[in-house]
Amino acid sequence: MAGTRTTAHVRSKSRTSARAASRTRRHLRVRKKMSGSAVRPRLAVTRSARNMYAQLVDDVTGRTLASASTLEAEIRRGSGDKKAKARQVGKLLAERAAGAGIGAAVLDRGGNAYHGRIAALADGAREGGLAL
């Protein structure tokens with residue numbers, strides 16, 4: 001029959017969507033407890049398979065105050081694995097935050113575990129002078 005999915009396809013698809021749904025639930029659970037302000041913005045971290053994105057968000061006005069990612073030329077050119085580049089993103093974001101007059105932020109890990117690249121980005125931001 002044309003268009004019929006195999007059992008294996010349905011099984012793997014449901015597993016993937018359940019994983020994504022779990023991460024979304026965790027993110028909502030974290031977000032209902034925190035909110036960023038101009039004094040202490042929210043450090044929103046997004047992780048894809050290849051890149052890391054981080055931005056400081058003032059939730060009161062809905063504006064991004066500073067941002068950094070692995071897509072920037074100075075980080076992209078650098079050597080190291082994804083974890084080392086995530087640390088560089090954290091340091092770069094801390095420099096930009098200091099330039100904008102921001103000294104502290106609240107970490108929003110986006111439903112991901114505080115482990116690996118998320119922890120490396122947070123450590124890099126702390127090394128750069130941002131209080132988390």
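Computed from a predicted model, the values in this text were never measured in an experiment. All values below were derived from every heavy atom in this structure, side-chain atoms included, with hydrogens, water molecules and symmetry-related copies excluded.
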M52 backbone acceptor or donor facing T70 side chain under 3.5 Å: yes
Hey, mind stepping through R42 and R31 against side chain to side chain contact (heavy atoms under 4.5 Å, CB included) and telling me if it holds? CA-CA 10 Å; R42 177 172 53 95; R31 279 286 290 125; 3.4 Å; yes
Mind checking the CZ-CZ spacing from R87 to R117? Nearest 0.5 Å is all I need. 14.0 Å
Rounded to the nearest 0.5 Å, how far does CG of D123 lie from NZ of K83? 9.0 Å
Quiz question: by atom type and distance under 3.5 Å, do the side chains of S37 and R40 form a donor-acceptor pair? no
Please give me the minimum heavy-atom distance between N112 and R47, naming the atom from each residue. OD1-NH2, 3.5 Å
Is there a side-chain contact between M34 and L107 in this structure, where contact means two heavy atoms from C-beta onward sitting under 4.5 Å apart? no
Do V57 and V89 share a hydrophobic cluster (ILVMFWY, side-chain heavy atoms under 4.5 Å, transitive)? no
When E72 is tested against each of K91, R77, R96, K85 for salt bridge (Lys or Arg N to Asp or Glu O under 4.0 Å), which residue passes? R96
If you look at every heavy atom in R126 and Y114, which pair is closest and at what distance? NH1-OH, 3.1 Å
First locate atom CG of L65, then atom CD1 of I102, and finally report the distance between them rounded to the nearest 0.5 Å. 4.5 Å
Closest non-hydrogen atom pair, I75 against S69: CD1-O, 3.5 Å
Please determine whether residues L132 and I118 belong to a single hydrophobic cluster, defined as Ile, Leu, Val, Met, Phe, Trp and Tyr linked transitively by side-chain heavy-atom distances below 4.5 Å. yes
Please determine whether the number of non-hydrogen atoms from other residues, nucleotides or ligands lying under 6.0 Å from atom CZ of R63 exceeds 12. no
Which atom of L121 lies closest to which atom of A54, heavy atoms considered: CD1-CB, 4.0 Å
Give a yes or no on whether Y53 and L43 share a hydrophobic cluster (residues Ile, Leu, Val, Met, Phe, Trp, Tyr; joining criterion: side-chain heavy atoms under 4.5 Å apart). no
T64 side, atom OG1; Q55 side, atom CD - distance, nearest 0.5 Å: 4.0 Å
Please report the shortest heavy-atom distance between A66 and A97, naming the atom on each side. CB-N, 4.4 Å
When every non-hydrogen atom of G36 is compared with those of D59, the smallest separation belongs to N-OD2, 2.8 Å
